[in-house]
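Naming convention: chains lettered A, B, ... in sequence-line order (proteins, then strands); numbering from 1 in each chain.
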Amino acid sequence: MKEKTLTIKPVTRVEGHAKVSIFLNEQGQVDRATLNIMEFRGFEKFLEGRPIEEAPNIVTRICGICPVSHHLVSAKACDRAVGVSPTETATKLRELMHMGQYIHNHPLHILFLGGPDFLLEDVGPTERNIVGLLKAHPALASKAIEVRAFGQKVVEIAGGSAIHPTTSLPGGISKHPGKGRLENLRDEIGSVKNKADQIISAVEKGVEKKFESLLSEDSWKSHYMALNRGGNFELYDGNIRIIGKDGAVEEDFEASDYPKRIEEHVEGWSYTRFPYYKKEGWPDGVYRVGPLARINVAENIEMPKAAAKLKEIRSRFGHPLHDTFHYNTARLMELIYAIEKAEAILSDDSILHEDVRTPFEFRRGEGVAAIEAPRGTLIHHYKVNDHGIITGANIIVATTHNNGAMNRSVLNISKRLVKGEEVDYQLANKIESVIRHYDPCLSCSTHLDGRFKVEIALIDNDGRLLQTLRN
Amino acid sequence: MKEDFEPRILGFLCNWCGYAGADMAGTSRIQYPANVRIIRVMCSGRIDPSMILTGLSMGADGVLVVGCHLGDCHYVKGNYRTERRVHLLKKMLGDMGFDPSRLRLEWVSASEGEKFSQVIRDFAEKLKKIGPNSAVKEMP
Amino acid sequence: MELAQTAFSTCRVMAMPERVGVFICHCGLNIAGVIDVKELHTYTQMLSGVSLVEDYSYMCSEPGQELIRKAIREGKINRVVVAACSPRMHEPTFRNVLSQEGMNPYLLDVANLREHDSWVHMFEKDKALEKAKDLVRMAVARAAKLEALTPREVSVERTALIIGGGIAGISAALDLGDAGYKVYLVESSPTVGGHMAQLDKTFPTMDCSACILTPKMVSVARHPNVNLRTYAEVVDVQGYVGNFRVKIRSKPRYVDAKKCTACGDCVPVCPIEVPSEFDVELTWRKAIYIPFPQAVPTTYTIDDKSCIGLKPLTCRQCEDKCGPKAINFNESEREEEIIAGTIIVATGYRPYNPSKEEQYGYGVYPNVITAIEMERMLNASGPTGGKVLRPSDMQEPGRIAFLHCIGSRDERANSYCSRICCMYSMKQARQIKEKHPEAEVHEFFIDIRAYGKGFEEFYEKAAREYGVTFIRGKVAEVMEEPATHDLLVRAEDTMLGRPVEIETDLVILSTALQPHEQTDQVQSLLRISRGPEGFFSEAHPKLRPVDTLVDGVFICGVAQGPKDIPDTVAQSKGAASGAASLMGQGKVTIEPYFISIDEDVCSGCKVCIDLCPYQAIHIEQKTAKANEAQCKGCGVCVSSCPAGAIKANHFTDDQLMSQIVAAVGGA
Amino acid sequence: MKVVFESLSGCAGCEIAVLDLHEGLLDLLKRVELTYAPIILDPRTFDRSEIGIITGSVRTDEDVEKVKALREKCTTLVTLGSCSCFGGVPGLANLFSPESIVKQSHEVNVAPGSKIVEKKDIPRLEHWIVPVDDLVNIEAKIPGCPPPPKFIAEQLSTLLNGGSQRLSKKTVCDECDLQKEIKRIDKIRRWGEGKTDFSKCLLEQGYICLGIATRAGCESRCIKAGTPCRGCFGPAEKVKDAGAKLISAIASTASLDSPEAMNPQQLAESFIDVVGTAYRFTLASSIIRKKASEGAAN
């Protein structure tokens, strides 16, 4: 039997375009398996020449599912590039917008993307989706739809539009959304919190029986990387922390120092590169980002219900969690956190002040900022000339970090499950479901045409340039 | 620059001054190169920038806009608007990789036949140096 | 769809429902001499949408027009393209042809093969043919998109405004007044009469200028239909033909014209003396003055720049002295607005000031004077009572030289010929000879321009009977003997081919005629164009000499170019008849080039409102509305409207785009 | 009524906008038979469908194949969102020569020490982005970035009832309730420059706002949130090139006689990044669609 390649294309229920190729050797065993990411638009190239104040409203088009993350991290990078700090109210409104995105994002994953894999019994390709979910779990589905709708409403009020927000610019927010609308959100959030609890218990009940098998599908040790504020769980702003396979903290650094810690591996068959932790080298240095990483990196959580949930998870499964399915467990916890955090921000009266923007002047400069997008750490970095025109842009995106890990998981599960020459729907879906745990955003990962620029190592904050940025 | 290249100039002339000036060059039998194709408009302010862009995108090597001298416009301020449009368009064309001097604005009064012929001669010469407008071939 | 191949562009012209008839004119040899009309004919037949092609030697002639009429009658065509001369020339002619056959006159496009092609590419026949093909293709493309339009009918106010109270303005005012139209005659100086009032005799009949002028001045002042506004200016003109809204500002005279009997008692007590403009500064006049005795209106005027009775209040002797108490120092400026159906510009001229030509010494040598100064001396009511005197010693000059073409036919000054200098120089020479038969009178000329009726005989008589010597050669230089102020005229006698020097007592410079100093102001008010020499340009040199390109505005007299009094009066009668025909009809058709706004598309962004110089667009319930009567069809709002809601009749986006595509484009 | 969703090189924002119908989505799903939508359904191909909805820009050769295949297999083809309608924000890549973008991604922005690897069996890039209706005829366009959920529902239900699509003939000004007084601009200001009065028209305060030349339909959501419109709904009904119309309108409303009026040079200098602003969503479908190579240095 000569060599053969089985392909699954397109990978469904993920954002963007990818294909899985499984290479069988003569004995029909899986020799290699790859996840090729096939998207490319070149945002960084055409950001050059654009005015800095327009960047936050251009970069949202990198991703339609997490446009808020790009909008806010871009605004933060712009603030630093022109040297202006946003007002307190503006920062609060931005963080509120960010929480709104999580309240929309995780229910979206449960309802449309990953959920159907672990909430529906063995069904065919035409039922494993939202329609199937509505039949099987009507209560869960309608609650999830309502919670997600609330999330999008928060983003619309704080950001002007639920998808591709527009209100942030250097120095803060352009116009205050109005007291009345914020007060309405404040009244509604209580009921949203209950609905979220019901969703979480429904999901947990839904997977109870096959929980062990789900965990065992793909479990391997890796490093983890996430934003963090002095050990606290953080989604909006803070340092980046890397922990080892045993959970010990190995790195804690500013966003701009990022390239000193990470290098990348190259493959001809994918637009995306494969970052790995420099000290450990390839492939041992592969690390994971996103919900699983955030839950592992956090020492404690400032929000009470989320903290309780974390304690419960850790007592049951230990620390750090290595099973890929735990991405979903972490997502549930993060949903609680996001709602609690939104409630905290909404109840803080400083959000009602009218002062939402600090004026700014254009100056030559650079700005680097990081944020936790639903799928992992996201970094924007801009270089601006003295007319405030962008001369260089570099965007380092969540899913790129997970590229190595996703390929590793695909290889693991393919070796275990692929026996013969065909890959039927059930088997293919098993492989895809592992990818869906990561909930990759492929158009994000490859908007920057598949490469992850290690060498654009900018210097530390006092402006000393270690490495030139060539464009 | 290869000599046989004959640049194609699209000319927008206002009825009261530019067009009349071209007529004057005719009645005075002033000879000038045959590169321009003239379109008459009532005022240079009538010319919509999308017409100039269409001309360039369809292969005109140069677009010439001829209006009345500032202050002479038959409709008071039409040419002031034209002047600003042409300036903005030149900047846009520069950003789009065109040589901005492919778009040219001139004020020619009804009696300046000689000046009109001089403008055509000079514009044709300059376009020969810049070379053919390659936009058409590459257009999808 | 087939290929119309020219080097200029390959263009697959889409099949068109319209049936275009193309009529190519040879214009004798003007077009056919350069463009191969046969080749153009066959090429045009290939253009899709063209259902008939004809070519003929003179399309504007009756047989040429008949070709079009026949094609329309036989229903072969529903659009017409005439490939001939400039539309600015014969578009009206061919439009009439269409309407005579019941076809909407605006379904016509004219390709300018003459002024824009054959006449300017005479030695590049092949390129001229290429261009002709493109111009015809563009015209056919536009013709297909033309829409029937009905011109707008507008009522015409039966009132004429005439700017300038010289002989041109007066005769036009009288003609129109007699024809029963109301006239506003506006003159900036205190009296009508203009430069003619300064003259003594007029050539060739040697009539006394005042005798033929003053009666006209009086009748224009008394004419029931003529409102005379002297010492007044037009300051604003809005609106369009038939409905010009005109603002006239009258300067204060500080003398009540009705009460003033022109007795002149005020003059002796006035302490202020200033050079008299009317007498070309040969004499003085007081601050309170009448330009000349026969001035109309016969009243004195106080010149507020020099009178010390106004600001500050110090003198006012004349007020006390005035019997009829006509003087009123707190008279103020008056402004009035009138509606005029037509406007006639008769602003006349300004004599050329030769002082910058040092070689003649005007202003340096006292005995070098200009012809107008000579005219004032010859005039019996002039400063010298008709005696010809040398300014240096007030003696009668025995030897006099006239220098022609000063400021005319000279690259450094004006390149044109002022047409009347030869004749008025000879006239003055004969007058001097009548007074002093023994005087030596020489005329230095380049060419004698004696073209008018009786002019040649006048010239013969001057030479033979009056003994005026004519020397052909422009004077190079005039030198002065400082002690005696006698002058030496040096020239080259081109007939004898040798230099000549003549001693003279007096030199008279025949200066050129230049546009009146307020020509700029009148031009900006009326938006009419001017030629390179600065005179107003007529709509067509041969066929519309007194019309302008602005409907309802006419020009006559020297404002249109140098000419003598007979030609001036002929033109002013022409302008009057042009205005009368417009006002007679009581209505006039306006080119239907106005705009229309689509309310469903207009979104009330207000970009157009402030843009329109004629305030032709206003907002009603959130969307823009066009006032067709106000709109002049410039189209600036059409190209500015960001929503594309405004359409310019006869110059629509489709029509212009179709021409662009035909000119440079592919399909 | 069979419906399929195909996404080319886009950001999935349009798909999320459909999902943002929340409960409304369920009624929609009842009225249609959604047979292929890789983002939320597993089937990997389909054979025929009445309605085919395309999102994302035509960036790779694979996108072109998908569009052609969809044309064969669907009776009604609908472009959803500015990317498929006009080229969208990715269309700005047409500002750079195709070579420079590929070079940027594969040689220039690469970590030192990592070997340059020939890219094989992944889609090749098209030289420049074109709107879908440049490749195949389409029956309907639903513009917007993203099109508002309510707007998508209205447009789809008209198509589902077999009706012909009716997009607004007005511009965003019609839906914008900021007060408009007089368009006479003394100074053009960049967004964020100086104090902004949110009760008055932004353009009249000198901020470039594409609302005047952009089709209505979004109820001026961005302006209501306090940001000038950037024209994601594309040119108004009667306009061929929204950028050219904006340039024309800005030039014509620049004040002429006020003391601080800009002369033509100052006007051009103060309008920063003309193409990036006036053509942000429509460069690929404008008249001059791409950078002419004569000037394409980078």
Side-chain angles (χ1 to χ4, degrees), chain B residues 6 8 10-12 14-17 19-20 22-52 54-61 63 68 71-78 81-82 85 109-112 117 120 136, chain C residues 7-9 85-89 112 114-124 127-128 130-131 134-135 138 142 523-524 527-533 537 541 549-550 591 593 611-614 632-640 648 650-651 653 656-657 659-666:
Chain B
E6 272 306 333
R8 293 180 305 194
L10 182 62
F12 293 99
C14 93
N15 176 61
W16 307 98
C17 297
Y19 199 91
D23 278 1
M24 177 65 89
T27 42
S28 330
R29 305 299 192 281
I30 302 169
Q31 302 303 304
Y32 57 82
N35 302 66
V36 70
R37 299 298 180 257
I38 289 169
I39 292 176
R40 180 168 71 120
V41 282
M42 288 315 279
C43 172
S44 59
R46 168 71 187 90
I47 304 154
D48 191 319
S50 58
M51 291 174 189
I52 294 173
T54 303
L56 284 171
S57 73
M58 294 182 106
D61 299 303
V63 174
C68 302
D72 283 1
C73 172
H74 186 69
Y75 306 101
V76 192
K77 284 274 193 297
R81 317 291 179 188
T82 313
R85 283 180 195 156
S109 85
S111 54
E112 292 173 313
S117 67
I120 301 292
V136 179
Chain C
F8 196 75
S9 83
C85 55
S86 168
R88 301 176 70 254
M89 182 94 136
N112 191 339
R114 193 178 68 173
E115 281 85 344
H116 288 187
D117 195 355
S118 61
W119 274 356
V120 286
H121 308 313
M122 288 178 178
F123 313 111
E124 297 180 292
K127 289 212 176 99
E130 284 302 325
K131 184 167 184 177
D134 296 336
L135 291 177
M138 286 160 71
R142 177 160 188 254
Q523 186 210 354
S524 66
R527 298 265 145 265
I528 43 182
S529 56
R530 291 158 70 187
E533 315 84 8
S537 343
L549 294 173
V550 177
E591 295 273 37
Y593 293 169
L611 200 58
C612 176
Y614 307 104
K632 289 212 166 186
C634 67
V636 172
C637 61
V638 178
S639 51
S640 309
H650 207 52
F651 289 90
D653 285 346
L656 295 174
M657 276 297 186
Q659 287 182 288
I660 296 168
V661 168
V664 289

Less than 4.5 Å to any heavy atom of chain C: does that hold for the side chain of B:I38, its backbone, both, or neither? both
Just by distance, no angles: are the side chains of C:S639 and B:R81 close enough, under 3.5 Å, to form a donor-acceptor pair? no
Under 4.5 Å to a heavy atom of chain C? For B:C73 that would be backbone
I want to check something: taking the side chain as every heavy atom from C-beta on, are C:E533 and B:S111 in contact at a cut-off of under 4.5 Å? no
Contact part of C:L611 toward chain B, heavy-atom cut-off under 4.5 Å: side chain, backbone, both or neither? both
Is B:N15 close to chain C through its backbone or its side chain, or both, or neither, when contacts mean heavy atoms under 4.5 Å? both
Under 4.5 Å from any heavy atom of chain C - which part of B:R29: both
Name the region of B:Y19, side chain, backbone, both or neither, that has any atom closer than 4.5 Å to a heavy atom of chain C. both
Spacing of B:T54 atom OG1 and C:L656 atom CG [to the nearest 0.5 Å]: 11.0 Å
Interchain contact, B:R40 with chain C, by part (heavy-atom threshold 4.5 Å): both
What one should report as the nearest heavy-atom pair of C:G633 and B:M42 is O-CB, 3.7 Å
What part of C:Y593 gets closer than 4.5 Å to chain B, counting heavy atoms only: side chain, backbone, both or neither? side chain
What's the separation between atom CG in B:N35 and atom CD in C:E130, rounded to the nearest 0.5 Å? 12.0 Å
I need the C:R527 CZ to B:C68 SG distance, nearest 0.5 Å. 9.5 Å
Side chain / backbone / both / neither for C:E124 at chain B, heavy atoms under 4.5 Å: side chain
Is any side-chain heavy atom of C:V120 closer than 4.5 Å to a side-chain heavy atom of B:S117? no
Distance col, row B:S50:OG vs C:M657:CE, nearest 0.5 angstrom, shows 4.0 Å
Distance from B:D23 atom CG to C:W119 atom CH2, nearest 0.5 Å? 9.5 Å
Which bit of C:R142 is near chain B, if near means a heavy-atom gap under 4.5 Å: side chain, backbone, both or neither? neither
Between C:D653 and B:R46, does at least one N-O distance fall below 4.0 Å, as a salt bridge requires? yes
Shortest non-hydrogen contact from C:I660 to B:F12? CD1-CZ, 3.7 Å
Could you report the tightest heavy-atom contact between C:Y614 and B:Y75, atom names first, then the distance? OH-CA, 3.0 Å
Going by heavy atoms in the side chains, are C:V664 and B:R37 under 4.5 Å from each other? no
Side chain, backbone, both or neither: which part of B:T82 has a non-hydrogen atom closer than 4.5 Å to chain C? neither
Using non-hydrogen atoms and a 4.5 Å limit, figure out which bit of C:M138 sits close to chain B: side chain, backbone, both or neither. side chain
Pick from B:E112, B:R85, B:M24: which one has the most heavy-atom pairs with chain C under 4.5 Å? B:R85
Any sub-3.5 Å donor-acceptor pair from C:H121's side-chain atoms to B:Y32's backbone N or O? yes
Could you tell me the separation between the CG atom of B:D72 and the CD1 atom of C:I528, rounded to the nearest 0.5 Å? 11.5 Å
